[in-house]
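Below is one structure, written out as structure tokens; comments come after it.
Order of appearance sets the numbers: ligands from 1, and atoms from 1 within every ligand. All of these numbers come straight from a predicted model, not from anything done at the bench.
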Amino acid sequence: LGLEADLRRALERDEFRVYYQPIVALRDGRAMGFEALLRWQHPERGLVPPDRIIPVAEESGLILAIDYWVMSEACRQLSAWHRQFPVEPPLTLNVNLSGKHFTRPDLADRIDAILQTSGVPPRSLRLEITESVIMENVNLAIVTLKQLHALGLQIAIDDFGIGYSSLGYLVQLPVDTLKIDRSFVSRMAQESGKAEIVQTIVTLARNLGMTAIAEGIETAEQRDRLAALGCDHGQGYLIATPMDREAATAWLARRLAEAERAPQGTDV
Ligand code: C2E
Ligand code: MG
Ligand code: MG
């Protein structure tokens, strides 16, 4: 109860922050965009991670306001990056969406309003929804995701591979991207079977016309194996940790300058 009141106050006092973690093309290290990740800049406790926030926010319904705040803030930032760094293809922004939105009739309208206000083209925004949320109520997910997709947004399934996806449903969902869960990436080298699962997800994505993004890349070995398996994109501490907007902007400027100097660069 205390935390719920704290979160409400944090929203009013503007204590939430968006951190940005880069997503790159694994083939050449090119910056593709960022995932927006919630943080709470607590006056005494410092930076609070989302695991401490999201469960209470979901239970209290505050997650709706928090997610829209993250989306607005991150879209405003993306629009600034589009002006500052007009690369082709345009930089994309991934935003996490709680399953609590799925029963709300105004979801598509509210996202549309955020796009209009920020001037971000719908194609540049990718909503991440976890596999478990989709599978909890697959029929509702199909209807909701179709509405969102009709706006022109991209849709990614987050933490893919751990939520018992029914593959039959996958073709009915308007999904553009599969995000390979960190647990497969981190144990790819040690545990037999993990690399095969990654390979299978990459192949599945390709055959369904989707892209694959690997999460949680921490070593050069993991990056190289993923690239060899044909995984399109990746993110992880090896490439960059989530950063505030100044640090993310500096990272982006550096990475794009490097790409210009070495167009075939391999240094992810
Ligand atoms: P996620 O969407 O799967 O985000 C990836 C998480 O992995 C992030 O944790 C990120 O910091 C972390 N990560 C990235 N690279 C590495 C790596 O190389 N190694 C390791 N060990 N971890 C890595 P974070 O920021 O703590 O977020 C945790 C989860 O909270 C997210 O998982 C997402 O489900 C949720 N979340 C974050 N922001 C939001 C938000 O604005 N709205 C909603 N509804 N959920 C959010
Ligand atoms: Mg995510
Ligand atoms: Mg994930």
Side-chain angles (χ1 to χ4, degrees), residues 7 10-11 15-24 26 33-41 46-75 77-78 92-102 104 107 110-111 114 125-134 136 154-163 165 175-189 198 201 211-223 226 233-244 247-248 251 268:
L7 291 178
L11 200 54
E15 289 172 358
F16 290 123
R17 299 287 176 269
V18 180
Y19 271 48
Y20 299 91
Q21 184 176 39
I23 296 173
V24 301
L26 290 177
F34 293 90
E35 177 173 3
L37 294 159
L38 175 71
R39 298 288 182 270
W40 176 14
Q41 186 67 58
L47 211 56
V48 181
D51 319 2
R52 310 289 298 278
I53 305 169
I54 308 281
V56 176
E58 287 194 327
E59 211 162 300
S60 63
L62 264 179
I63 194 68
L64 301 172
I66 292 176
D67 277 355
Y68 288 131
W69 179 84
V70 169
M71 200 182 290
S72 307
E73 176 71 20
C75 280
Q77 184 56 51
L78 180 67
T92 54
L93 173 75
N94 286 23
V95 172
N96 295 285
L97 197 71
S98 162
K100 297 286 169 202
H101 294 274
F102 276 41
R104 312 291 295 198
L107 175 63
R110 294 203 55 176
I111 295 179
I114 291 172
L125 180 63
R126 187 183 288 122
L127 300 178
E128 296 194 1
I129 295 129
T130 60
E131 186 184 30
S132 50
V133 160
I134 292 174
E136 235 167 68
Q154 299 195 57
I155 311 277
I157 304 187
D158 206 349
D159 307 339
F160 188 81
I162 57 171
S165 252
V175 168
D176 308 279
T177 304
L178 300 180
K179 292 196 78 175
I180 304 170
D181 190 70
R182 188 167 75 223
S183 57
F184 300 115
V185 173
S186 65
R187 292 185 301 229
M188 217 167 37
V198 170
I201 297 175
T211 33
I213 303 181
E215 300 187 292
I217 303 173
E218 294 182 351
T219 69
E221 191 194 353
Q222 289 165 358
R223 174 201 60 203
L226 286 160
H233 301 155
Q235 65 188 104
Y237 296 162
L238 173 74
I239 297 144
T241 56
M243 299 171 274
D244 65 21
W251 180 92
V268 174

Considering only heavy atoms of Q21, which atoms of ligand 1 have at least one such atom less than 4.0 Å away? 14 (C), 15 (N)
Quick look: T241 vs ligand 1, heavy-atom contacts under 4.0 Å, and the answer is neither
Sub-4.0 Å atoms of ligand 1 with respect to non-hydrogen atoms of V70: 41 (O)
Any heavy-atom pair between the side chains of E35 and L37 that's under 4.5 Å? yes
Would you say the Mg ion (ligand 3) has D181 as a near neighbour, meaning an N/O/S atom of that residue under 2.8 Å away? no
Heavy-atom distances under 4.0 Å decide this one: backbone, side chain, both or neither, for T130 against ligand 1? neither
Less than 4.0 Å between atom 32 (O) of ligand 1 and some protein heavy atom, yes or no? no
Judged by atom type as modelled, is there a donor-acceptor pair below 3.5 Å linking the side chain of T241 to the main-chain atoms of Y237? no
Considering only heavy atoms of D159, which atoms of ligand 1 have at least one such atom less than 4.0 Å away? 3 (O)
Hey, is D158 touching ligand 1 through its side chain, its backbone, both or neither, going by heavy atoms under 4.0 Å? side chain
What is the minimum heavy-atom distance between K179 and A156, and which atoms define it? CG-CB, 4.4 Å
Please state which part of L37 comes within less than 4.0 Å of ligand 1, counting heavy atoms only: side chain, backbone, both or neither. both
How does E35 reach ligand 1, by side chain, by backbone, by both or by neither, if only non-hydrogen atoms under 4.0 Å count? side chain
So V18 and R39, do their side chains get closer than 4.5 Å, heavy atoms only? no
Nearest heavy-atom neighbours spanning V133 and G99: CG1-CA, 3.5 Å
Does some non-hydrogen atom of the protein lie less than 4.0 angstrom from atom 7 (O) of ligand 1? yes
Can you tell me if Q222 uses its side chain to pair, donor with acceptor, with the backbone of T219 under 3.5 Å? yes
The closest protein heavy-atom partner of atom 24 (P) of ligand 1 is P50 CG, 3.6 Å
Taking 4.0 angstrom as the limit and counting only heavy atoms of D67, give me the atoms of ligand 1 inside it, by number and element. 40 (C), 41 (O), 42 (N), 43 (C), 44 (N)
Between P242 and ligand 1, find which residue part has any heavy-atom pair under 4.0 Å and reply side chain, backbone, both or neither. side chain
Name of the E215 N, O or S atom nearest the Mg ion (ligand 3)? OE2
Taking heavy atoms and a distance under 4.0 Å, where does N96 meet ligand 1: side chain, backbone, both or neither? both
Locate the shortest heavy-atom distance separating I217 from G234; write the atom from each residue and the value. CD1-CA, 3.8 Å
To check your reading of the model: name the closest protein heavy atom to atom 45 (N) of ligand 1, its residue, and the distance in Å. I54 CD1, 3.4 Å
How far does OG1 of T130 sit from CD1 of I157, to the nearest 0.5 angstrom? 9.5 Å
Under 4.0 Å to a heavy atom of E215 - the qualifying atoms of ligand 1, by number: 3 (O)
Once the angle between the rings of H101 and Y68 is folded into 0 to 90°, is it parallel (under 30°), tilted (30 to 60°) or perpendicular (over 60°)? perpendicular
Would you say I54 and I63 make side-chain contact, with heavy atoms under 4.5 Å? yes
Counting from 1, what ligand 1 atoms have a heavy atom of E218 closer than 4.0 Å? 17 (C), 18 (O), 19 (N), 20 (C), 21 (N)
Of all the N, O or S atoms in E35, which has the shortest distance to the Mg ion (ligand 2)? OE2
At a 4.0 Å threshold, what atoms of ligand 1 neighbour a non-hydrogen atom of D51? 26 (O), 28 (C)
Any non-hydrogen side-chain atom of S132 less than 4.5 Å from a side-chain atom of D159? no
Any N/O/S atom from D158 (main chain or side chain) under 2.8 Å of the Mg ion (ligand 3)? yes
Step by step, work out the side-chain hydrogen bond (donor to acceptor under 3.5 Å, both in side chains) result for E15 and Q41. CA-CA 5 Å; E15 289 172 358; Q41 186 67 58; over 6 Å; no
Close-contact set for ligand 1 against R39 heavy atoms, below 4.0 Å: 11 (O), 24 (P), 25 (O)
Which single N/O/S atom of E128 lies at minimum distance from the Mg ion (ligand 2)? OE1
Give me the ring orientation class for W251 and F34: parallel if the planes are under 30° apart, tilted from 30 to 60°, perpendicular past 60°. perpendicular
